[in-house]
Protein chains: 2
Amino acid sequence: MTETLAAIISSSGPRYRTATEYVEATLKRAILDGTLAPGTPLRQEDLAATFKVSRMPIREALRQLEAQALVDFEPHRGAVVVQITLQDAMDNYAIRGALEPQALRLSMPHLTDEDFSIADEILSEIDQESDPGRMGELNRRFHMTLYAQAGLPRLIALTEQHLATADRYLRFHLAAVGDMGQDEHRALLAACRGHDEAKALAVLATHHGRAAAALQAFFRGRSDTSL
Amino acid sequence: MTETLAAIISSSGPRYRTATEYVEATLKRAILDGTLAPGTPLRQEDLAATFKVSRMPIREALRQLEAQALVDFEPHRGAVVVQITLQDAMDNYAIRGALEPQALRLSMPHLTDEDFSIADEILSEIDQESDPGRMGELNRRFHMTLYAQAGLPRLIALTEQHLATADRYLRFHLAAVGDMGQDEHRALLAACRGHDEAKALAVLATHHGRAAAALQAFFRGRSDTSL
DNA sequence: AATTGTTAGATTGGATCCAATCGACAGGCA
DNA sequence: TGCCTGTCGATTGGATCCAATCTAACAATT
């Protein structure tokens, strides 16, 4: 874990205002993209050394991640990256199955031609991409583009957060199915272009249903339901 | 603020495992029930003195509250209780308008007679209650009773969290309307008893719509949209 | 008089230190 | 042998300390 994490750290992107912010964002990315596997214990001392800060910003960052259900905290026993369970995955699909249609409904009437062409472009990129991590990001960006005009920042942020945690499952889905439903993506985009709300919502529901079913199948092929 | 907060602290309820847990739960309750008004600056030193702990557990608790969008953090300027804006309230209604029907749909088929009688009892309590803070809690418990059998812990927790933040608006709603829709509560419960999913979802949508409209009216009667 | 530069106090961010708790292992005892 | 218990190292929870930054008041200059 340490090498890869150190690599992420040095690959400087945006500048952060505080160490806590920086640690939180980096750890979050590492958990979501699988660099930090489920169940990994997060030793404060080790992380402090890796990030070259004291334990305090680490602790604050871990608390924030706890509130986002990305790490589990057990008093005096430390934090671990939360496991991926079939239960949690289904839970996530149920939440997104509620939030995304709402976001889409509110956003659809205000989508612009520019939004549509951005979405088009993302779909092309997905076709050419093979790296699962990057595909997850593109998938998320495609969906969020369609929800972006909902006009309600909290709803949008919440939806994005749950789409992001789905990245953790998406890699298994990809392993099982091989594609991520580009046909449905295109059908969804077409329905949005045509301002056909009913059609768009139906396609979105199908999209979610297929993904959930694929993930269930993946877990059924395994002995345990956690990982 | 200090007196009331101190009262909350001394009114010992459950025992907490760590000071951080305790501070977080107490601050959260104080923010949600209005003891800590929107915009209140949260000085770490003051809170530490009030809670009789050092600043560190305070900081960790504040970070968790930040992740729950209950306090705003500005680097080197401290934390303040987030403002209540019409925008945020509408955002909250949109989120609950997505989550609660989903929770109800999944829970309804598994509701037991005991659940129904618990819900009955809560409705009676609401009738006899006049304190706004306590009414908010009872309202939340009524709704959550109907969602409790959804079987998906994250969905339930997320729904409860957003119902809880609604307590912050509920007092204005109560001030404007005077009652909290007990007729609709009873209609909703009856529909659940009769396993009439369509009816229950329709009543729930009406319930939300009325509440949102009342809150908009309340804000329209004011010069600004924040508070 | 208004604006800008400066400085002191308050407050937070981060580091270091100490105390409390947990886990593992070794040894005593039935 | 199996179980209980006590001790020790590792690790976290919490306290204290120092550095960085912000705010506000005041002085100086135009």
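Per chain, numbering begins at 1; letters A, B, ... match sequence-line order.
We find that NZ of B:Lys52 is positioned 17 Å from C1' of D:dA15, with the value rounded to whole Å. C:dG14 atom P lies 13 Å from atom OH of A:Tyr22, rounded to whole Å. In this structure, the CG atom of B:Leu42 is 20 Å from the P atom of C:dA10, given to the nearest Å. Distance A:His76 NE2 to C:dC22 C1': 9 Å, rounded to the nearest Å. We find that OH of B:Tyr16 is positioned 19 Å from P of C:dT21, with the value rounded to whole Å. In this structure, CG of B:Leu47 is placed 13 Å from C1' of C:dT11, rounded to the nearest angstrom. Put simply, CZ on A:Arg17 is 16 Å from P on C:dT12, counting in whole angstrom units.
When distances are taken from the side chain of A:Arg43 to each of C:dG13, C:dG23, D:dT11, the shortest belongs to D:dT11. With distances taken from any side-chain atom of A:Glu45 to the nucleotides D:dA20, C:dG14, D:dT12, the minimum falls on D:dT12.
Taking side-chain N and O atoms only, B:Arg77 has a distance below 4.0 Å to OP1 or OP2 of D:dT23. Within the structure, a side-chain polar atom (N or O) of A:Gln44 is placed less than 4.0 Å from OP1 or OP2 of D:dG13. One finds a side-chain N or O of B:Thr20 lying less than 4.0 angstrom from the OP1 or OP2 phosphate oxygen of D:dG14.
B:Phe172 and B:Phe219 have perpendicular rings, their planes meeting at more than 60° on a 0 to 90° scale where under 30° would count as parallel.
Ranked by how close their nearest DNA chain C nucleotide is to the 5' end, B:Gly78 and A:Pro75 are led by B:Gly78.
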Expected list for residues 61-73 of chain A: side-chain donor-acceptor pairs under 3.5 angstrom, two or more places apart:
from	atom 1	to	atom 2	distance (Å)
A:Arg63	NE	B:Glu60	OE1	2.5
A:Arg63	NH1	A:Glu66	OE1	3.3
A:Arg63	NH2	B:Glu60	OE1	3.2
A:Gln64	NE2	B:Glu66	OE1	2.6
A:Glu66	OE1	B:Gln64	NE2	2.6
A:Gln68	OE1	A:Lys28	NZ	2.8
A:Gln68	NE2	A:Glu24	OE2	2.8
A:Gln68	NE2	A:Gln64	O	3.4

Worksheet entry | Stepwise side chain to side chain contact (heavy atoms under 4.5 Å, CB included) test for A:Glu129 and A:Ile126 | CA-CA 5 Å; A:Glu129 187 62 57; A:Ile126 292 178; 5.6 Å; no

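Listed by chain and residue number, A:Glu74 satisfy the side chain to side chain contact (heavy atoms under 4.5 Å, CB included) test with A:Arg77 (two or more places apart in sequence, or in another chain). In this structure B:Asp167 satisfies the side chain to side chain donor-acceptor pair (under 3.5 Å) test together with B:Arg140, sequence neighbours excluded. Residues forming a salt bridge (Lys or Arg N to Asp or Glu O under 4.0 Å) with A:Glu45 (at least two apart in sequence, or on another chain): none. The ring pair (Phe, Tyr, Trp, His ring centres under 6.0 Å) check on B:His207 picks up B:His143, B:His185, with sequence neighbours excluded.
DNA chain C lies under 4.0 Å from at least one heavy atom of each of the following residues of residues 54-66 of chain A: A:Ser54, A:Met56, A:Pro57.
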